[in-house]
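Numbers restart at 1 for each chain; the letters A, B, ... are given by sequence-line order, proteins then strands.
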Number of protein chains: 2
Amino acid sequence: MTAQKTNKEGRIGAQNRARILAAAEQEFALHGYNGTRLQNVADRAQLPKTNILYYFKSKEGLYLAVLEQILTLWNSAFDVATVDDDPALVLANYVAEKMEISRTKPEASKIYALEIINGAPNLSKFYKEQHVDWMDGRVALLQAWIDQGKLSVKDPYYLLFNIWACSQHYADFQAQIAALRGKGMDKQDFSDATKALIHMILSGCGLSVPDKFK
Amino acid sequence: MTAQKTNKEGRIGAQNRARILAAAEQEFALHGYNGTRLQNVADRAQLPKTNILYYFKSKEGLYLAVLEQILTLWNSAFDVATVDDDPALVLANYVAEKMEISRTKPEASKIYALEIINGAPNLSKFYKEQHVDWMDGRVALLQAWIDQGKLSVKDPYYLLFNIWACSQHYADFQAQIAALRGKGMDKQDFSDATKALIHMILSGCGLSVPDKFK
DNA sequence: ATATAAGTTGACCATCTGGTCTAGTTTTTG
DNA sequence: CAAAAACTAGACCAGATGGTCAACTTATAT
C-alpha cells in the first residue's frame with residue numbers, strides 16, 4: 001500500500017453535510033418526499049444543487065440519511081428501565097421526553113409520521129426488527145409491573161400506542177392545534193399539555209402523578 | 001331560452017365519479033398528493049386517464065373532491081351534545097365513533113393527517129373557520145361541565161387533542177402497529193383498544209366508564 | 001512545492017407526468 | 001328519429017426535475 005487513505009471527508013465536507021441534512025429535514029417535513037425539490041433543499045442550504053448530489057448519491061440517499069439521523073432521537077431512558085424502577089416515574093419521564101421532542105424537533109416527528117403513514121417503505125428491515133425487539137422488551141417490563149400489581153392496564157401495547165399518539169400529535173398536527181387555539185404552542189403551553197397528558201396516562205394506569213410532574 | 005339544461009350528469013357519470021373518488025382516496029392515502037399518479041388512479045378505477053380529467057378538471061380538483069368527501073365523515077353526535085347530557089356517555093360515545101372511523105375508513109384519516117402535517121394548504125378558509133367555531137362551541141360545553149363539577153380537566157383543548165390523537169393513531173400508524181404487534185388489528189382488537197382508550201380518557205377526567213363501554 | 005484528493009459549478013439531458021386536442025361513440029331528450 | 005349532450009379514448013405536448021458530465025478551484029499531505 002502506498003499513501004494511507006485520507007479521512008475521505010475534510011472539515012468542509014462535514015460542515016456542508018450537516019447544513020444539507022438540516023435543510024433537507026425542513027423540506028421533507030414540509031412537503032414530504034415526493035413534494036420536496038432538491039433545488040429547494042439547495043437554496044435553503046445556500047449551496048448549488050450539484051453539491052447535494054456530490055455529498056449524497058441521490059435524492060433517496062439524502063432522504064435515508066435524514067431518516068437515519070431522526071431515528072437516533074427515539075432513544076430514551078425508558079429503554080433501560082427495569083422492573084425495580086417506579087412505573088409512575090418511568091412513564092411520566094417517558095411522556096415528558098416525548099413531548100420535549102415534539103416541541104424541539106417537530107420536523108423529525110413529521111417526517112417519521114409521513115414515513116409510517118405511507119407504509120414505512122424506507123425503514124430498513126434492520127430497524128424494523130430492532131424496533132420489534134425493543135417493543136417486546138418494553139411490553140415484558142410493563143407486564144411484569146402488571147403482574148406485581150403496580151400497574152393496572154389490560155394491554156401494554158395500547159398504553160404505549162396511546163403515549164406515542166398523544167405526544168407526537170403535538171408535533172405532527174401543530175398546524176391544526178395552532179389554528180384551533182388561535183395561537184401556537186409556546187414553552188409554557190407545552191409544559192401544561194405535558195402535565196395534562198401525564199395526568200391522563202397515569203390515571204388510566206391507576207397510578208398517581210409524582211410531585212415533580214404536577 | 002330554448003331547451004332546458006339537462007341534469008349535466010347522467011347515471012354513468014355519477015357512477016364513474018364515485019369509482020374515481022374511491023380509487024383516488026386509496027392512492028392519495030398510500031402515496032400522498034405529490035406521490036400519486038393520475039395513471040395509477042385511472043388503473044385502479046379501470047378507466048382511461050383522460051376520463052379523470054374529464055370528470056375533475058385537474059389533479060388538484062380531484063384531490064379537493066376527495067378531501068371534501070372526507071370532511072363530511074367528521075360529523076358526530078358530540079356536535080350537538082348539550083350541557084344537560086352526561087359527559088361520560090357523550091365522551092365515551094365520541095371516542096367510540098372516532099375509533100370506528102379509524103377502523104373502517106383508515107384512508108380518510110391518513111389523507112387528512114397528510115394534509116395537516118403539510119400545513120393544511122388545501123383546507124379552505126371556510127372549513128377552517130367552521131372548524132374553529134365548532135371547537136369554540138365544544139370547548140364551551142366542556143367548560144360548562146367543568147364549572148358544574150361534572151368533569152375534572154384543567155384545559156378542555158388538550159382533552160380533545162388527546163382524543164383525536166389516540167383514535168386517529170390507529171388508522172394513520174396502522175403499518176407500525178401491525179409490525180409491532182406481529183399482526184394487524186381485527187375487529188376484536190379494535191374493540192379492545194376502544195375500551196382501553198375510553199377507560200384512559202374518562203379516568204383522566206375523573207369519570208367512571210358507563211357499563212356499555214366496559 | 002507539488003501531487004493528489006476534496007470540493008465546486010454551470011451546462012445539459014432523459015424521463016416522467018399533468019394536461020390538451022381532436023375525433024369519435026353512446027346516451028338522453030324532444 | 002334526429003340532435004344535442006354526455007362520455008370515451010388515443011395521440012401528443014410542455015414543463016419540471018432528478019441526475020450526469022467535464023472542467024475547474026481549493027485544500028491537504030509528504
Engineer: Please check the phosphate of D/dG18 (OP1 and OP2 only) for any side-chain N or O of A/R37 closer than 4.0 Å.
Structural biologist: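 So the side-chain polar atoms of A/R37 do come within 4.0 Å of the phosphate oxygens OP1 or OP2 of D/dG18, strictly under.
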
Engineer: Which nucleotide in the list D/dC7, C/dG19, D/dG10 gets nearest to the side chain of B/T50?
Structural biologist: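 Out of D/dC7, C/dG19, D/dG10, the nucleotide with an atom closest to B/T50's side chain is D/dG10.
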
Engineer: Write down the distance between NE2 (A/H31) and P (D/dG18), rounded to a whole number of angstrom.
Structural biologist: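 Rounding to the nearest Å, NE2 of A/H31 and P of D/dG18 are 13 Å apart.
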
Engineer: For B/L53 and C/dG19, what is the distance between atoms CG and C1' respectively, to the nearest whole Å?
Structural biologist: 6 Å

Engineer: Do other residues, nucleotides or ligands put more than 12 heavy atoms under 6.0 Å from the CD atom of A/Q39?
Structural biologist: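 Yes, because the 6.0 Å sphere around CD of A/Q39 holds more than 12 heavy atoms from other groups.
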
Engineer: Name the closest nucleotide to the B/N51 side chain, picking from D/dT8, C/dT8, D/dG18.
Structural biologist: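 Nucleotide nearest to B/N51's side chain: D/dT8.
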
Engineer: Looking only at atom types and distance, does a side-chain atom of A/D186 sit under 3.5 Å from a main-chain N or O of A/D189, one as donor and one as acceptor?
Structural biologist: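 A pair under 3.5 Å: yes.
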
Engineer: When the distance from CD of A/Q39 to P of D/dG15 is rounded to whole Å, what number comes out?
Structural biologist: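 Checked: the CD to P distance equals 18 Å.
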
Engineer: Regarding C/dG18, can its base be found pairing with the side chain of B/K49 as donor and acceptor, where the two atoms are less than 3.5 Å apart?
Structural biologist: yes

Engineer: Give the nucleotide from the list C/dT8, D/dA9, C/dG18 with an atom nearest to the side chain of A/Y54.
Structural biologist: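 Minimum distance to the A/Y54 side chain belongs to C/dT8.
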
Engineer: Nearest-Å distance, NZ (B/K57) to P (C/dC21)?
Structural biologist: 12 Å

Engineer: Is there a donor-acceptor pair under 3.5 Å between the side chain of B/Q69 and the backbone N or O of B/L21?
Structural biologist: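 Looks like no, no N/O pair under 3.5 Å.
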
Engineer: Given D/dG19, C/dA6, D/dA6, which nucleotide is nearest the side-chain atoms of A/L38?
Structural biologist: D/dG19

Engineer: How long is the line joining CD1 of A/I52 and P of C/dG7, in whole Å?
Structural biologist: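 So the CD1-P distance, A/I52 to C/dG7, works out to 15 Å.
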
Engineer: Considering only side-chain heavy atoms of B/Y55, which listed nucleotide, D/dT8, C/dG18, D/dG19, is closest?
Structural biologist: D/dT8

Engineer: B/Y112 and B/W74: aromatic ring centres closer than 6.0 Å?
Structural biologist: yes

Engineer: Quick one: A/Y63 OH to D/dG19 P, roughly how many Å, whole number?
Structural biologist: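 Value for this atom pair: 15 Å.
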
Engineer: Would you say the side chains of A/Y55 and A/N16 form a donor-acceptor pair under 3.5 Å?
Structural biologist: yes

Engineer: Within this structure, what is the CD-to-P distance between A/Q15 and C/dA6, rounded to whole angstrom?
Structural biologist: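 It works out to 18 Å between those atoms.
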
Engineer: For D/dA6 and B/N16 - does any side-chain N or O of the residue sit under 4.0 Å from the phosphate oxygens OP1/OP2?
Structural biologist: no

Engineer: Using whole Å, report how far NZ of A/K59 lies from P of D/dG19.
Structural biologist: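 To the nearest whole Å, that distance equals 8 Å.
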
